[in-house]
There are 2 protein chains.
Amino acid sequence: MNLRKNSTGRLTLNDVARAAGVSRATVSLVLRGSPLVHVDTRARVEAEMARLGYVYNRAAANLRRRVSSSVALVVNDLSNPFFAEFAAGVDEALAAAGYVTLLGSTGESPERQLAVVGSLIEHDPAAIILSPAEGSDAAALARAVGPRTPVLVFNRELAGSPWDFLGLDNRRGAHLATEHLLALGHRRIAFFGGHADSSSCRERRAGYADALRNVGIAVDDDWLIESAPTRMDAAARTGLLFAREPAPTAAVCYNDAVALGLMLGLVRRGRHPGRDFAVTGFDDIPEAILAAPPLTTIAADPRARGRQAAQLVLARVEGTAPEPQRTIAAVELVVRESCMPV
Amino acid sequence: MNLRKNSTGRLTLNDVARAAGVSRATVSLVLRGSPLVHVDTRARVEAEMARLGYVYNRAAANLRRRVSSSVALVVNDLSNPFFAEFAAGVDEALAAAGYVTLLGSTGESPERQLAVVGSLIEHDPAAIILSPAEGSDAAALARAVGPRTPVLVFNRELAGSPWDFLGLDNRRGAHLATEHLLALGHRRIAFFGGHADSSSCRERRAGYADALRNVGIAVDDDWLIESAPTRMDAAARTGLLFAREPAPTAAVCYNDAVALGLMLGLVRRGRHPGRDFAVTGFDDIPEAILAAPPLTTIAADPRARGRQAAQLVLARVEGTAPEPQRTIAAVELVVRESCMPV
DNA sequence: CCGGCGATTTATAACGATCTAAATTCGTCG
DNA sequence: CGACGAATTTAGATCGTTATAAATCGCCGG
């Protein structure tokens with residue numbers, strides 16, 4: 001047995017073994033609660049660990065056992081409360097399952113995203129939960145990830161990726177919002193915000209169009225207005241809604257950020273959201289309830305989505321489902337005060 | 001040389017070495033860009049790596065080199081935008097320095113916090129950035145962390161801990177807010193919200209008291225009102241401000257969440273924040289600008305604080321400053337529309 | 001043609017854990 | 001009292017990488 005004193009101060013199995021007068025192997029068995037070790041030995045070893053303040057080195061153990069106890073979470077923007085909540089949910093569920101979360105944020109930059117994934121993958125996560133940046137290159141990502149690490153894509157479809165997907169029922173959500181406005185008597189309803197080339201925007205627009213078609217209203221292309229999915233840009237583009245007479249009386253917004261921006265833009269133009277123009281959002285971020293007036297929106301419960309993502313990815317890690325899975329989470333309409341009847 | 005085929009599919013240095021017809025050691029040198037290897041050899045090895053899709057196993061390397069390339073971030077509540085921004089800043093700076101972020105969230109529970117720290121520490125982070133849960137037990141934490149991992153405590157003082165600290169200038173912030181109200185002519189000013197036993201609340205109250213004392217106003221204990229630092233609880237306690245005549249005309253709030261809750265509570269009582277009652281916040285969360293009216297508050301720039309925390313902790317990891325450092329970040333008043341003159 | 005000296009390359013022992021197979025120890029029974 | 005099977009313990013190889021020290025190569029001068 002090698003008894004060389006560990007040169008740095010780091011305590012290892014060896015140190016505990018020596019202190020307790022047993023072999024490394026025995027200490028290892030104690031650590032993992034094996035029934036093989038004699039109860040007295042166990043007690044002695046455990047006492048020694050406590051006395052010395054030993055801490056387990058999971059990296060070394062994982063290396064030997066060829067397993068991983070971490071999952072990487074790559075998120076585009078933590079300062080968006082929707083994703084912050086999602087991240088909290090992911091971490092909560094991973095921690096409960098004994099995994100640790102490796103965090104990476106990309107700031108919506110596909111290049112940074114590639115770098116982040118490349119760095120995280122070197123830490124050998126059991127899986128990756130990826131909420132892709134806009135304009136991600138699926139092939140480049142697949143190359144960076146390699147074939148051995150399962151990935152769950154969240155929220156934005158990644159065209160042509162071989163991975164599991166968890167998304168919201170965007171189509172149905174927008175459908176619900178549009179129906180709500182129709183039921184209030186609105187007939188001139190715009191779809192406001194988002195980038196038309198993102199999958200979630202396309203799906204939401206489709207739900208909106210469905211609902212209109214169901215009641216025999218044609219979609220007016222002038223009322224399909226794009227914007228960056230941010231408050232600022234949405235506020236700036238408010239004017240586009242009123243470029244032509246007759247203007248719409250309501251807008252289904254791409255998401256809450258856009259809706260709040262639109263409300264700001266309306267106020268600046270002297271209009272009163274919820275009184276002379278109806279607005280709906282999507283996501284139900286915490287600000288939605290605080291807005292003036294409180295925003296009617298589509299709730300997606302991002303924290304629950306986070307837990308769900310963690311569960312899906314762990315199922316994939318442990319079991320071996322053969323096919324990539326698509327999971328679509330239900331959403332619901334929460335009515336507040338931003339839509340008046342017409 | 002051991003040529004046993006790797007049983008799992010995982011590619012290792014060995015596989016690359018074999019494919020390129022060189023030794024493991026050479027491949028390792030190539031990986032680290034050593035000038036020792038011949039340029040032709042390097043090219044051949046690199047080609048082989050690309051062809052096979054080799055990915056570096058940093059855990060194994062770290063084990064051998066006895067270094068760590070991760071930093072743990074333990075945060076009480078990611079769904080609080082202040083901490084979400086902070087986390088984003090931490091991750092941004094750590095990533096730039098080549099470290100990966102291990103995330104742990106505690107949901108404000110000291111027990112979960114202990115468990116989370118215990119789990120993270122097993123992954124051998126180079127350091128821990130800890131935003132402690134309320135009611136943390138410093139001694140228990142110190143035991144869980146052990147003596148070898150540097151810790152930076154953020155935001156809440158941890159009594160009797162031997163660790164570095166990064167905090168906001170709470171005292172000065174509250175002082176600024178109070179002075180602002182005084183300058184607007186207010187004389188009956190309350191301090192609203194927060195738990196009096198938290199260090200940040202005590203400091204903010206002290207700044208508030210200083211400012212009042214400076215103009216010869218005594219602090220009225222009836223106007224020191226506690227609440228949980230949440231919107232809900234703040235809204236519920238609004239009535240306490242008006243228990244006695246004459247009531248205050250303004251309140252310095254513990255933080256933005258409390259201020260927003262208070263504004264909600266005021267509206268419910270038929271008052272108009274910013275018109276017949278002045279309110280200030282603390283933190284400048286994104287909602288602050290959206291509130292009705294937009295909230296005058298103290299900006300702490302949490303993302304910059306996150307970057308700063310990362311930098312401090314890395315400095316500690318790399319250099320060896322002997323003394324624990326206390327760093328207090330400046331804050332500034334941002335005036336919006338929630339305070340009318342009296 | 002040998003010795004020597006850079007320039008390259010490599011064998012081998014670590015890092016801190018686990019696993020396998022083999023070696024001990026122990027109680028009991030013939 | 002020695003044998004035998006069960007209960008415990010352990011030596012040694014191994015995970016994928018790095019560090020050290022030694023080996024090899026090519027080329028030059030003598």
Side-chain angles (χ1 to χ4, degrees), chain A residues 1-45 48-49 52 54-69 121-124 146 148, chain B residues 1-45 48-49 52 54-69 121-124 146 148:
Chain A
M1 178 161 43
N2 178 6
L3 290 180
R4 199 165 71 73
K5 177 85 200 313
N6 202 322
S7 57
T8 78
R10 191 182 225 314
L11 280 173
T12 76
L13 265 196
N14 245 322
D15 301 309
V16 176
R18 195 171 333 122
V22 296
S23 76
R24 227 160 54 238
T26 303
V27 179
S28 177
L29 290 174
V30 168
L31 271 172
R32 282 166 304 135
S34 159
L36 264 56
V37 310
H38 192 278
V39 48
D40 295 349
T41 315
R42 171 185 306 284
R44 188 153 37 94
V45 169
E48 237 17 81
M49 293 205 216
L52 298 174
Y54 166 75
V55 326
Y56 187 60
N57 184 333
R58 197 168 291 277
N62 286 349
L63 174 60
R64 176 62 231 262
R65 301 185 49 206
R66 304 163 137 247
V67 301
S68 163
S69 57
I121 200 81
E122 293 187 348
H123 288 83
D124 190 31
R148 311 196 54 73
Chain B
M1 180 161 42
N2 178 5
L3 290 180
R4 200 164 72 74
K5 177 82 200 315
N6 200 323
S7 56
T8 79
R10 192 182 225 314
L11 280 173
T12 76
L13 266 196
N14 244 322
D15 301 309
V16 176
R18 195 169 335 122
V22 295
S23 76
R24 229 159 52 238
T26 303
V27 179
S28 177
L29 290 174
V30 169
L31 270 173
R32 282 166 302 139
S34 158
L36 265 55
V37 309
H38 192 279
V39 46
D40 295 348
T41 315
R42 170 183 307 283
R44 189 152 36 94
V45 170
E48 230 28 70
M49 293 205 220
L52 299 175
Y54 166 75
V55 327
Y56 188 60
N57 184 333
R58 197 168 291 276
N62 286 348
L63 174 60
R64 177 63 232 258
R65 300 184 49 203
R66 305 166 133 243
V67 301
S68 164
S69 57
I121 201 80
E122 293 188 347
H123 287 85
D124 190 30
R148 311 196 53 73

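Per chain, numbering begins at 1; letters A, B, ... match sequence-line order. Reckoned from all heavy atoms, side chains included, excluding hydrogens, waters and symmetry mates.
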Report yes if a side-chain nitrogen or oxygen of Arg64(A) is closer than 4.0 Å to either non-bridging phosphate oxygen (OP1 or OP2) of dC19(C); otherwise report no. no
Atom-pair distance (CE on Met49(A); P on dA17(C)), nearest Å: 10 Å
Which is true for Arg32(A) with a 4.0 Å heavy-atom rule: it touches a base, it touches only sugar-phosphate, or it touches nothing? sugar-phosphate
Look at the side chain of Arg65(A) and decide which nucleotide, out of dC19(C), dT10(C), dT8(D), has an atom nearest to it. dC19(C)
Between Val55(A) and Leu29(B), which has a closest nucleotide on DNA chain C that is more 5'? Leu29(B)
Below the 4.0 Å mark, does dT9(D) have OP1 or OP2 next to a side-chain nitrogen or oxygen of Thr41(A)? yes
Per Leu13(A) side chain, nearest of listed nucleotides dT18(C), dT10(D), dT8(D): dT18(C)
In whole Å, what is the span from the CG atom of Asp15(B) to the P atom of dC15(D)? 11 Å
Between dT9(C) and Ser23(B), is there an OP1 or OP2 to side-chain N/O distance shorter than 4.0 Å? no
Nearest heavy-atom approach of Leu52(B) to Leu11(B) is O-CD1, 3.0 Å
Grab the CG-P distance between Leu63(B) and dG16(C) for me, whole Å please. 7 Å
Please tell me if Arg66(A) has a side-chain N or O lying less than 4.0 Å from either OP1 or OP2 of dG16(D). yes
Taking CZ from Arg42(B) and P from dA7(C), how many angstroms apart are they, rounded to a whole number? 15 Å
Atom CD of Glu122(A) to atom P of dG16(D): distance rounded to whole Å? 16 Å
Heavy-atom distance under 4.5 Å between the side chains of Ile121(A) and Arg148(A), does that happen here? no
Atom-pair distance (CG on Asn14(A); P on dT18(C)), nearest Å: 12 Å
What's Ala25(B) touching, base or sugar-phosphate or nothing? Going by heavy atoms closer than 4.0 Å. base
Tyr56(B) OH to dT18(D) C1': how many Å, rounded? 8 Å
Main-chain N/O of Thr12(B) paired to Asp15(B) side chain as donor or acceptor, under 3.5 Å: yes
Of all heavy-atom pairs between Ser69(B) and His123(A), which one has the smallest distance, and what is that distance? OG-NE2, 3.0 Å
Tyr54(B) side-chain proximity, nearest of dT10(C), dT17(D), dT8(D): dT17(D)
Think Thr26(B) has a side-chain N or O under 4.0 angstrom from the OP1 or OP2 of dT10(C)? yes
Rounded to whole angstrom units, what separation is found between the CG atom of Leu36(A) and the P atom of dA21(C)? 14 Å
Using a heavy-atom cut-off of under 4.0 Å over every strand shown, decide if Ala60(B) touches base, sugar-phosphate, or nothing. base
Looking only at heavy atoms, the pair that brings Ala20(B) and Arg44(B) closest together is O-NH1, 2.5 Å
